[in-house]
Amino acid sequence: MTPSHRSWFLTAIVVIPLAILLTGCISGKPQAFRLSFLPSTPVPVQLAFEEPPQLASGFYTNDTPDLIQHALTTIPHPPEVDGAIVRAEDRMEAGRKLYQQGDLAGARREFDAAVDILLSTPENVPDRQKLERRLDQIADRIYRYDLDRLGSGETQQEVVYDKPPLGGILEMTFPTDPNLRPKVKEEIGATVSQLPLEENDAVLSYIHFFSTDRGRKTLMAGLRHAGRYRALIQRILDDEGVPQELIYLAQVESGFLPRARSYKKAVGMWQFVQFRGREYGLNQTATTDDRMDPERATRAAARHLRDLYAIFGDWYLAMAAYNCGPGCVDHAVQRTGFADFWELRDRNALPRDTKNYVPLILAVTIMAKNPKDYNLEDVDYDPPVEYDTISVDSPTSLSLIADATERPVTEIQELNPALMKPVAPAGYQVRVPKGTSPTVLMALDIIPAEHRANWRIHRVTNGETLAEIAKHYATPVAAISTANRGMNALPEAGDLVIIPAGYRIEHISAQHAKTATAHRKTSRPVAQSHRRVAAAPSPQTAGSSYKTVSLAVKHPASAN
């Protein structure tokens with residue numbers, strides 16, 4: 001046997017039995033053959049199909065069960081309050097759609113159902129405060145729809161101002177709880193703050209006040225409102241390089257109400273008087289007041305505070321000067337020789353309001369930054385204000401914009417609190433609900449620029465005739481036909497129809513507007529009075545041909 005034959009023979013002896021062995025394995029488990037075609041993996045593939053080892057009883061007792069079985073057998077249910085809120089919001093959304101379709105009776109039923117869902121929740125349910133808060137919000141939204149139908153969706157001429165909630169508190173004194181001192185001192189030591197925090201009798205007295213039922217309600221209301229503008233304010237304070245904690249200055253000034261006005265005629269969220277506002281670019285005209293613009297006013301306030309800090313080199317003195325003016329603080333410093341707020345306070349060198357102004361801000365700051373210690377963790381913040389901005393090149397009615405967005409006109413007004421009139425002047429940057437700017441611009445394009453201050457648009461609903469639309473807007477059919485290029489045929493559902501009609505504010509007296517606003521404000525405590533949505537339409541407004549349907553919230557005693 002030659003060497004080559006010997007090599008071939010040895011190879012055969014080794015390879016052939018191995019091949020036979022592997023063939024036997026494959027024939028026994030043919031499904032394992034295809035594994036050879038899979039990409040290589042660092043994880044070893046087990047070709048032997050053995051029974052898995054038995055696990056000890058209770059080994060996975062604390063682990064998550066099978067996801068599919070869990071989904072089928074234990075569908076998560078929201079807590080009772082959250083579930084009621086979700087159901088109420090579903091009915092509100094259904095009512096909104098019916099309202100936009102012109103089905104006011106159906107909208108009223110859905111709005112009634114939404115309120116009933118929340119009112120029927122047991123009194124002793126946990127988190128009752130959250131439910132009552134949402135009930136107030138829903139009632140306020142229903143009021144907006146109701147007001148939108150007065151005068152066919154017309155806005156009121158007069159601006160209604162809000163009263164700053166903490167204005168009178170600056171003139172009051174409160175007792176001090178000695179038990180608070182060690183607690184507050186510990187909190188300050190553990191709190192990260194760009195604004196210096198201090199514990200003394202003045203600060204403790206306000207912390208004690210805000211810990212009472214009355215004070216806590218006032219504090220909670222301001223914190224809730226802060227949710228609308230918190231992100232905007234924090235961004236601007238950061239841009240201008242001032243402490244983030246100065247956001248609570250706005251809570252003390254206005255409770256975060258853009259249309260707040262004090263008895264000193266200071267206006268807006270940051271309470272600027274006219275001359276100081278103009279100094280920082282907040283102008284006032286017959287139709288606008290920039291002091292009520294949340295974004296512009298916040299920018300002006302941040303810059304003013306930064307300038308005051310540059311003058312006095314102390315944030316407490318800067319805040320005091322924001323309240324009473326830099327001249328007042330400078331005079332107090334010159335007269336006493338002390339450039340220290342607490343010294344000036346102790347020496348009665350500052351006005352009473354200013355003496356309490358800084359401790360009040362510090363108290364709110366300490367409590368807000370330690371919510372767990374003051375039972376402030378359950379604040380139901382208002383949703384943040386979100387909007388798009390469009391520029392109007394001619395005077396434009398807010399009612400026209402409301403038509404385009406299919407929202408109540410009051411919602412457009414709240415997005416534009418700096419507008420003093422129901423018409424935005426040419427060149428004004430109008431805020432519209434988030435995501436609606438393309439729709440608004442497209443709608444404005446179909447209205448001649450010279451008529452945008454008073455013409456309207458109307459989306460046709462199922463079965464609606466041109467005569468019904470004309471009657472609704474108190475406009476002749478011929479005028480509507482002409483404005484729509486000779487429309488004679490019946491419009492189809494979903495069509496946009498131009499309405500050549502002016503807003504008839506003269507039919508809604510100033511006294512009526514004030515009465516409606518007073519009704520809204522005085523009827524806010526929904527849960528206590530158990531308000532209901534009225535089921536019957538109101539009569540025609542005297543002296544007006546407008547069709548007015550009431551969706552107003554009334555007390556049970558006055559409901560029809």
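Computed from heavy atoms alone, side chains included, the values below leave out hydrogens, waters and symmetry copies. Numbering starts at 1 and runs along the sequence shown. Bear in mind the structure is a predicted one, so any value in this text is a computation, not a measurement.
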Could you give the distance from [atom1] ([X]) to [atom2] ([Y]), rounded to the nearest 0.5 Å?
X: E468; Y: H458; atom1: CD; atom2: NE2; value: 9.0 Å
X: T465; Y: K471; atom1: OG1; atom2: NZ; value: 10.0 Å
X: L376; Y: D378; atom1: CG; atom2: CG; value: 7.5 Å
X: L166; Y: Q251; atom1: CG; atom2: CD; value: 7.0 Å
X: R303; Y: I236; atom1: CZ; atom2: CD1; value: 9.0 Å
X: E253; Y: L170; atom1: CD; atom2: CG; value: 8.0 Å

Worksheet item: T287 and L419: side-chain contact (heavy atoms from CB on, under 4.5 Å), yes or no, with the steps?
Response: CA-CA 6 Å; T287 56; L419 281 175; 5.6 Å; no

[X] side chain vs [Y] backbone, donor-acceptor pair below 3.5 Å:
X: E89; Y: V86; result: no
X: D388; Y: G435; result: yes
X: Q194; Y: Q244; result: yes
X: S254; Y: A250; result: yes
X: D238; Y: R235; result: no
X: T285; Y: T288; result: yes
X: N416; Y: I412; result: yes
X: S481; Y: V477; result: no
X: T475; Y: Y473; result: yes
X: D289; Y: A418; result: no

Basic-acidic side-chain contact under 4.0 Å: [X], [Y]:
X: D112; Y: R91; result: no
X: D382; Y: R224; result: no
X: R452; Y: D393; result: yes
X: R276; Y: E279; result: yes
X: R259; Y: D293; result: no
X: R431; Y: E295; result: yes

Worksheet entry | Check against side-chain contact (heavy atoms from CB on, under 4.5 Å), V242 and Y309 | CA-CA 9 Å; V242 298; Y309 180 76; over 6 Å; no

Min side-chain heavy-atom separation [X]-[Y] under 4.5 Å:
X: V115; Y: I142; result: yes
X: E406; Y: R459; result: yes
X: R228; Y: F256; result: no
X: Y387; Y: V432; result: no
X: P384; Y: R230; result: no
X: S394; Y: E450; result: no
X: P417; Y: P294; result: yes
X: V252; Y: Y357; result: yes

Item to complete: Using the six-membered ring wherever Trp is involved, compare the ring planes of H304 and F272 and label them parallel, tilted or perpendicular (cut-offs 30° and 60°).
Response: tilted

Would you name the heavy atoms of [X] and [Y] that are closest together and state the gap between them?
X: N323; Y: D353; answer: OD1-C, 3.9 Å
X: L415; Y: V385; answer: CD2-CG1, 3.6 Å
X: P164; Y: Q271; answer: CG-OE1, 3.9 Å
X: V440; Y: A404; answer: CA-CB, 4.0 Å
X: G281; Y: D290; answer: O-OD2, 3.7 Å
X: A300; Y: L282; answer: CB-CD1, 3.7 Å

Discussion item. Pair H472, E464 - check side-chain hydrogen bond (donor to acceptor under 3.5 Å, both in side chains), show working.
Written reply: CA-CA 11 Å; H472 178 74; E464 197 170 30; over 6 Å; no

Discussion item. Between W455 and I499, is the side-chain contact (heavy atoms from CB on, under 4.5 Å) condition met? List the steps.
Written reply: CA-CA 6 Å; W455 283 19; I499 310 296; over 6 Å; no

Between [X] and [Y]: side-chain donor-acceptor atoms closer than 3.5 Å:
X: Q284; Y: R278; value: yes
X: Y280; Y: D307; value: yes
X: W270; Y: T298; value: yes

Worksheet item: After noting the C-alpha distance and the side-chain angles of R291 and R296, does the key distance pass the side-chain contact (heavy atoms from CB on, under 4.5 Å) rule?
Response: CA-CA 7 Å; R291 295 176 296 171; R296 294 179 183 177; over 6 Å; no

Discussion item. Quick check on E492: does its CD atom have over 12 non-hydrogen neighbours (other residues, nucleotides or ligands) under 6.0 Å away?
Written reply: no

Discussion item. If you apply the rule side-chain hydrogen bond (donor to acceptor under 3.5 Å, both in side chains), what do you find for T410 with Q413, and how did you get there?
Written reply: CA-CA 5 Å; T410 50; Q413 287 178 301; 5.4 Å; no

